[in-house]
Each structure stands twice: as structure tokens, then as C-alpha cells.
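Report on the structure given below.
Sequence positions, counted from 1, serve as the residue numbers for this chain.
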Amino acid sequence: MAERARVMALEANFCRVELEQPGPGGIEHLLCVRRTRLGKTGQQICVGDRVQIDGIDWPEGRGAVAALEPRNSLLERPAVANCSRVVVAVALEQPQLDPLQLTRFLITAERTGVAVELVLTKADLLRAAERAAWCERLQGWGYGPLLVSAQQGAGIAELRQRLAQPGIAVLCGPSGVGKSSLINALVPELALRVSAVSGRLQRGRHTTRHVELFPLVPGALLADTPGFNRPDLPLEPGDLGPLFPEIRQRLVAGVCRFKNCLHQGDPGCAVGSDWDRFPIYTTCLEAVQAQAAREQGRSIGSAGLKQRGSRREPLLDQRLRQVSRRRQRQSDVDDD
Ligand code: GDP
Ligand code: ZN
């Protein structure tokens, strides 16, 4: 008989799952053969997925993933399924806060359709006036940033409170911003390795290799994700606007003259150009358009050729994309 479980960690060839109901002798975890793609559907297994396990060898603590249950949400990169909030962490200093990079992380987080929170780390490195200026600026973007210092312990209790809610919270952000230090402050018994920010680029080494779920309090899981510095943008230019709270907000108040408006500041656009992130939005839009044009060129160029192992293959299947768009619209409605 199949047992229900949650994927807690992916390793090279295995995944570690936590059983919904403990097995004989109170066994809670099993190591399962990692079939990267499941059967006919070809779906990929992600951390956070709810799965069914069969072929269980209880004495050995082994099994195999037999089926994948439908997902509520999916963070594409790093791949985490069924998360209920995404926490984007960036440093105020060391490395310096880069608004474009932060925007790329926020866009990735917004694409899940779940709640997005913003944490500003290394608060100890800036003076109070500089901290306040960043807070005010980011509030203008539509986020209520929480300032923390893992070194001095500031903001940690509040962060724990925000995270200790049922479901999975994912912590993501560039490497070197202090994510491991934060997790250590939140879950001291883990003692994750913290890397020194080194070299000219002030980037930490990539110490976290795999995504893993840590229990924070009963029922609340935290996913630590591998550091990476440049998240992908959506594939369609029209998908970008709804990922900016400022645009969503302006479209509650007004309607653009053209239905497929890309909000480039033209007359008749209800969004306009008098907002802080307009130049960043424009930069991202141009990048998405250039990428779309390249993709089109490539698919024309390779028409008739067998396409195998394409790196650009979207992680998300079509059905899920529709679900998260619906959720996105829902959350737009909830915003007003
Ligand atoms: P990660 O790559 O995001 O996991 O970052 P780490 O936790 O490995 O930290 C990178 C570097 O930033 C290390 O040298 C830490 O000591 C330093 N760091 C982390 N948190 C803080 C903080 O709150 N204040 C200061 N000043 N440095 C910090
Ligand atoms: Zn417009």
C-alpha cells in the first residue's frame, strides 16, 4: 500500500521524504530512489512536493516515489513546491543593495502567486538614517521590509514570528547576504556553515548546494535555497507588469487605452512613468523582449529538428502556470 509523504530534501540520486503517518517502529523518514521525472507525465519532483511512496523496505528505511500529488504553488528557481510564502533576503551592505537584482528576485517570488516578504540583512552596517531611507523607498515599491542583523540579533524574533506559520516558507536571495547566518539565528541547532564574503565582488561562496526543508516550529517549514545571483525573468513580455505591485496598484485605479499595453509610459497608459522602479521595469521588459525574440529565432532556426534537452525548457507545466495566473489575478483583486 502506498504511503503519503512530503519531499524534504533532494540529493544527487535520492530524495528524503517525511511520512505523513509514521511507519512501523515510529519511522518518520525514508530515503527514496530519485526518479527525476515521474512515469508518463514526465513531471519533476521538487522539494515540498507531496508524494506517494511504494515498495517500502521498512527495516532499510527505503522506498520509491510512485506518484506526485497536485501542487498549490511552485517557485521555479530554486524549485520548491507548495510554498506558502517567499521571503526575499538582500543585504543593505556587503554586498551593496542592487535594486535591479532585488527586483529580479522579487519578480521570481511574485510569480509563485503566494505572499512575498522582503528582509533586509546586515542592518548593523548602515546608519539609522540610511536604513530609514531604504525602508521608505521599498515601501514605495509595495513591500514592508523587515530589517535584521544576524550579527546583533536585531529583528530575528520578528522574523521568526513571521515565518512560524503553517506551511513552507522559502528563503531566497543572492549569495553572501547572510541567509545561512539568519537560519542559524532562527534554528540554532542546525549550525549551518557560514562563508566569508570574499574578493572584489563581495560574494559569499556557494555553501548551500541543495534545497532542504528545516522544521522551524511544528507545522512550519523553512526552505534554505542555494545562493544564485541572477534569477530568470518571465518568458512573455505581457507577464511582467502584474509582477510589480506598483503596476497592479495603478491598474486598480485606471485602465490603459490599449488592451495589451506594456506600460512603457505612452500617452493613454494608466501606469505612467512617474514611479521609482519605472526604469528598472523598462530594463526588465527589454530583457524579456530580447529573450523572446531570441527564442523565436531559435525555434524558427531549429524547425524540423528534434529538440532535445533544451536548457530553456520551463520547469512549470502548463496546467500549473494557469493555476498561478489565476491566483495572481485573485491576489490582484485582494489588493484593493
Ligand atoms: P549566505 O551566502 O547568504 O548564506 O551568507 P552567509 O550567512 O554565509 O554570510 C555571508 C557573510 O556575511 C559572512 O561573512 C557573515 O559573517 C556575514 N554576515 C551575515 N550576517 C551578517 C550581519 O547581520 N551583519 C554583518 N555585518 N555581517 C553578516
Ligand atoms: Zn499601460
Side-chain angles (χ1 to χ4, degrees), residues 73 75-76 80 83-93 95-123 125-126 128-150 154-156 158-163 165 167-174 177-179 182 222-223 225 229-231 233-234 239-253 263 271-272 274-285 324 327-336:
S73 69
L75 180 68
E76 290 202 35
V80 181
C83 57
S84 45
R85 54 175 41 74
V86 181
V87 182
V88 174
V90 289
L92 285 163
E93 195 65 66
Q96 223 172 50
L97 201 160
D98 169 356
L100 176 59
Q101 187 190 45
L102 170 56
T103 294
R104 291 183 84 111
F105 274 96
L106 291 171
I107 285 172
T108 307
E110 293 279 354
R111 286 173 81 186
T112 60
V114 302
V116 176
E117 305 219 24
L118 176 55
V119 167
L120 304 176
T121 66
K122 309 196 189 185
L125 295 178
L126 287 192
E130 297 168 308
R131 290 197 297 259
W134 270 117
C135 278
E136 198 180 328
R137 182 168 179 199
L138 297 170
Q139 273 158 6
W141 294 13
Y143 298 96
L146 174 63
L147 276 75
V148 301
S149 167
I156 300 298
E158 193 176 342
L159 179 60
R160 186 181 289 118
Q161 208 175 3
R162 285 201 197 183
L163 295 177
Q165 294 181 42
I168 300 174
V170 186
L171 185 60
C172 65
V177 302
K179 294 184 300 301
L182 273 185
L222 178 64
T225 70
N229 292 305
R230 203 161 180 274
L233 292 170
D239 289 347
L240 194 63
L243 304 174
F244 284 72
E246 308 95 309
I247 293 184
R248 294 203 295 262
Q249 209 176 32
R250 283 168 169 79
L251 290 182
V252 168
H263 320 306
V271 174
D274 59 337
W275 47 294
D276 182 28
R277 275 207 295 176
F278 178 70
I280 293 180
Y281 168 72
T282 304
T283 302
C284 292
L285 182 64
S324 52
R327 289 183 159 242
Q328 187 68 55
R329 278 199 293 272
Q330 190 57 49
S331 66
D332 293 351
V333 170
D334 291 342
D335 278 345
D336 58 22

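- Put simply, the side chain of I247 does not reach to within 4.5 Å of the side chain of P242, judged on heavy atoms.
- A salt bridge between R250 and E246 is absent, with no side-chain N of the basic residue lying under 4.0 Å from a carboxylate O of the acidic one.
- Between the side chain of K122 and the backbone N or O of G178, no donor-acceptor pair lies under 3.5 Å.
- Using bins of under 30°, 30° to 60° and over 60° for the plane-to-plane angle, the ring pair F244/W275 lands in the perpendicular bin.
- Residues L243 and R111 approach most closely at CD1-CG, 3.4 Å, considering heavy atoms.
- The nearest pair of heavy atoms linking V86 to C172 is CG1-SG, 3.8 Å.
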For this session: Test E76 against T112 for side chain to side chain contact (heavy atoms under 4.5 Å, CB included), laying out the working first.
Result: CA-CA 8 Å; E76 290 202 35; T112 60; over 6 Å; no
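- When every heavy atom of F105 is checked against every heavy atom of P174, the shortest pair comes out as CZ-N, 3.4 Å.
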Problem set entry | Verdict with supporting geometry, L182 and I156, side chain to side chain contact (heavy atoms under 4.5 Å, CB included) | CA-CA 8 Å; L182 273 185; I156 300 298; 3.6 Å; yes
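- Side-chain atoms of P95 and V90, non-hydrogen and from C-beta on, never get closer than 4.5 Å to each other.
- Summarising the geometry of V114 relative to S73, their closest heavy-atom pair is CG1-CB, 3.7 Å, with the distance given to 0.1 Å.
- Side-chain atoms of R85 never come within 3.5 Å of backbone atoms of A115 as a donor-acceptor pair (strictly under, hydrogens ignored).
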Exercise. Going through the distances and angles, do R162 and L146 end up as a side chain to side chain contact (heavy atoms under 4.5 Å, CB included)?
Worked result: CA-CA 10 Å; R162 285 201 197 183; L146 174 63; 3.8 Å; yes
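- Nearest heavy atom pair, residue I168 against residue A223, reads CG2-CB, 4.5 Å.
- Annotation: side chain of L120 is not in contact with side chain of V148 (no heavy-atom distance under 4.5 Å).
- Taking each heavy atom of E110 and P245 in turn, the nearest pair found is OE2-CG, 3.8 Å.
- For R131, the side-chain contact (heavy atoms from CB on, under 4.5 Å) criterion is met by L92, A123, L126, A128, L147, not counting sequence neighbours.
- Between V88 and E117, the closest side-chain pair of non-hydrogen atoms is not below 4.5 Å.
- T108 places a side-chain N or O within 3.5 Å of a backbone atom of R104 that can act as its donor or acceptor partner.
- In this structure a side-chain-to-backbone donor-acceptor pair under 3.5 Å is present from T121 to V177.
- Applying the salt bridge (Lys or Arg N to Asp or Glu O under 4.0 Å) definition to pairs two or more places apart or across chains, those involving residues 132-143 are R137-D276.
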